[in-house]
There are 2 protein chains.
Amino acid sequence: MGRNRSFDETQVLESAMHAFRRHGYAGISIKQLEEATGLSSGSLYNAYGDKEGLFRAAMAFYVDGYVAGRIEAHAGPVATLEDLEQLFLTLFREPMTDGNGCLVVNSTMEFGTQGSPAEEAMARSFDLVTAGIHGVLRREIEPERSAAEADKLLLLYHGILVFSRAGRFDEGFEDAVRSQFDILRQSRDRFRSRQQTTQKEE
Amino acid sequence: MGRNRSFDETQVLESAMHAFRRHGYAGISIKQLEEATGLSSGSLYNAYGDKEGLFRAAMAFYVDGYVAGRIEAHAGPVATLEDLEQLFLTLFREPMTDGNGCLVVNSTMEFGTQGSPAEEAMARSFDLVTAGIHGVLRREIEPERSAAEADKLLLLYHGILVFSRAGRFDEGFEDAVRSQFDILRQSRDRFRSRQQTTQKEE
DNA sequence: GTAATTTTAGAATGTGTATTTTAAAATGAG
DNA sequence: CTCATTTTAAAATACACATTCTAAAATTAC
């Protein structure tokens with residue numbers, strides 16, 4: 001059954017992913033992808049079919065490895081406001097500060113709605129983040145305000161990714177995040193004491 | 001002194017701007033730009049030098065006409081929280097809902113930090129929006145919280161532009177915006193009554 | 001060890017790209 | 001009216017691009 005692949009697939013996808021993150025899909029050539037991955041175009045085409053196939057693979061790699069992992073760690077089924085706050089604060093630390101932004105959001109902005117090679121990965125990633133944030137708030141604050149507050153955080157999160165890519169990292173943004181989570185914690189405290197009061201009455 | 005230009009420059013820039021908005025810079029070809037603008041490549045090159053020149057012109061056109069106009073109208077030197085809220089709510093109405101997003105933010109995500117042909121226009125646009133939002137909040141709410149709340153709104157605003165381009169317009173986002181402005185209005189009320197109290201004491 | 005099969009690198013291919021050139025048509029200035 | 005200059009459209013150019021082909025090297029299964 002012929003020889004085995006001699007390159008490290010993970011390493012190739014990692015390199016390709018960073019290259020796409022930096023230059024976008026239309027903005028990078030096969031030649032640049034050869035340089036980035038260390039593979040010849042022959043091998044790339046053999047392994048991934050075409051440029052779009054490599055892009056899809058890099059997207060899936062990114063969503064599985066980076067997005068899903070971060071959401072599990074900071075916005076999983078038992079995550080608290082404090083965990084979620086950490087999710088936001090990691091956006092201000094390595095490796096998110098290299099100025100190349102998030103592959104999913106970059107690709108979203110490049111392709112828009114109309115049939116993009118990134119469509120499924122994009123949808124999956126947005127669903128993960130949305131569900132994670134909404135889940136935490138549903139557990140932590142009063143139900144009437146939870147959806148609106150979750151949406152605010154969702155928008156805040158993606159706003160940060162825009163400024164990250166723009167290289168415009170005001171120090172204030174971190175304060176803005178902390179201040180918003182402080183407000184949510186106050187909300188949680190009120191919610192909890194009200195719950196206790198209700199319990200006593202029963 | 002030779003003949004005059006026979007095309008409507010405004011109309012050409014408007015078409016080019018929408019084409020760039022839709023396809024990005026790297027994603028659109030001169031041929032497509034000929035179709036979009038109705039001009040032959042000869043005329044385009046004569047008028048704008050090259051593809052990058054046309055892009056710069058389209059960017060400047062967009063920032064001058066759209067961004068600056070909207071900021072003046074809703075976040076000028078005498079704008080209130082209500083005016084600013086309108087700025088946000090217009091993002092949910094025509095013509096911002098065509099799924100092509102904002103040329104400035106799209107281009108930011110395409111090029112990132114490193115020397116982009118959109119650099120000056122991008123910087124000007126971000127400065128306009130930032131200054132407008134911070135200006136309103138500085139006037140309307142208590143100084144200690146004004147910067148953080150302005151940054152929150154700034155991030156919220158750009159988050160909306162991401163979801164707009166993604167074609168993922170949850171109805172909840174509009175509620176999220178309104179709820180945030182309701183909170184800011186409460187903040188303004190407290191700030192004003194405190195100011196009155198202080199005045200009486202003097 | 002042999003045969004089948006895959007990977008691999010690099011050359012080859014054809015298409016699409018941005019851009020320049022060409023020459024004719026248009027039109028403003030004197 | 002005439003001349004100078006510009007716009008314009010279309011053909012021409014040169015290059016970069018994604019992709020395919022080729023043949024050799026590698027390596028697994030038997």
| task | Give the rounded distance in Å between these two atoms: CD1 of Ile30(B) and C1' of dA11(D). | result | 17 Å
| Under the side-chain hydrogen bond (donor to acceptor under 3.5 Å, both in side chains) test, which residues partner Tyr48(B), sequence neighbours left out? | none
| remark: From CG of Leu33(A) across to P of dA16(D) the rounded distance in Å is 17 Å
| note | Rounded to whole Å, CD of Glu34(A) lies from C1' of dT8(C) at a distance of 12 Å
| field | Spacing between Tyr45(A) atom OH and dC21(D) atom P, to the nearest angstrom | value | 13 Å
| Pairing residues for Ser179(B) by the side-chain hydrogen bond (donor to acceptor under 3.5 Å, both in side chains) criterion, not counting sequence neighbours | Lys152(A)
| task | Provide, to the nearest angstrom, the distance between the CG atom belonging to Leu54(B) and the P atom belonging to dA18(C). | result | 11 Å
| Between dA18(C) (C1') and Gln32(B) (CD): distance, integer Å | 13 Å
| message | Checking contacts here: which listed nucleotide (dA9(D), dA11(D), dA18(C)) is nearest the side-chain heavy atoms of Ser41(B)? | response | dA11(D)
| remark: Walking DNA chain D from its 5' end, the first of Phe7(B) and Gly49(A) to be reached, judged by nearest nucleotide, is Phe7(B)
| query | Using 30° and 60° as the class limits, which term best fits the ring planes of Phe88(A) and Tyr157(A): parallel, tilted or perpendicular? | reply | perpendicular
| Nucleotide dT19(D), atom P - distance to OH of Tyr48(A) in whole Å | 16 Å
| task | Mind calculating the distance between NZ (Lys31(B)) and P (dA11(D)) to the nearest angstrom? | result | 13 Å
| message | Mind checking if Ile28(B) touches a base, just sugar-phosphate, or nothing, with heavy atoms under 4.0 Å? | response | sugar-phosphate
| message | I want to verify a distance call: between dA18(D), dA11(D), dT7(C), whose nearest atom is closest to the Asn46(A) side chain? | response | dT7(C)
| field | Pair Phe169(B)-Phe163(B), ring pair (Phe, Tyr, Trp, His ring centres under 6.0 Å): steps then yes or no | value | CA-CA 6 Å; Phe169(B) 253 152; Phe163(B) 280 85; 8.1 Å; no
| said: Using a 4.0 Å heavy-atom cut-off, does Ser29(B) contact any base of the nucleic acid, only the sugar-phosphate backbone, or nothing at all? | reply: sugar-phosphate
| message | Can you tell me if Ser43(B) touches the phosphate of dA9(D), counting only side-chain N or O atoms and a distance under 4.0 Å to OP1 or OP2? | response | yes
| Do Gln180(B) and Glu85(B) have a side chain donor and acceptor closer than 3.5 Å? | no
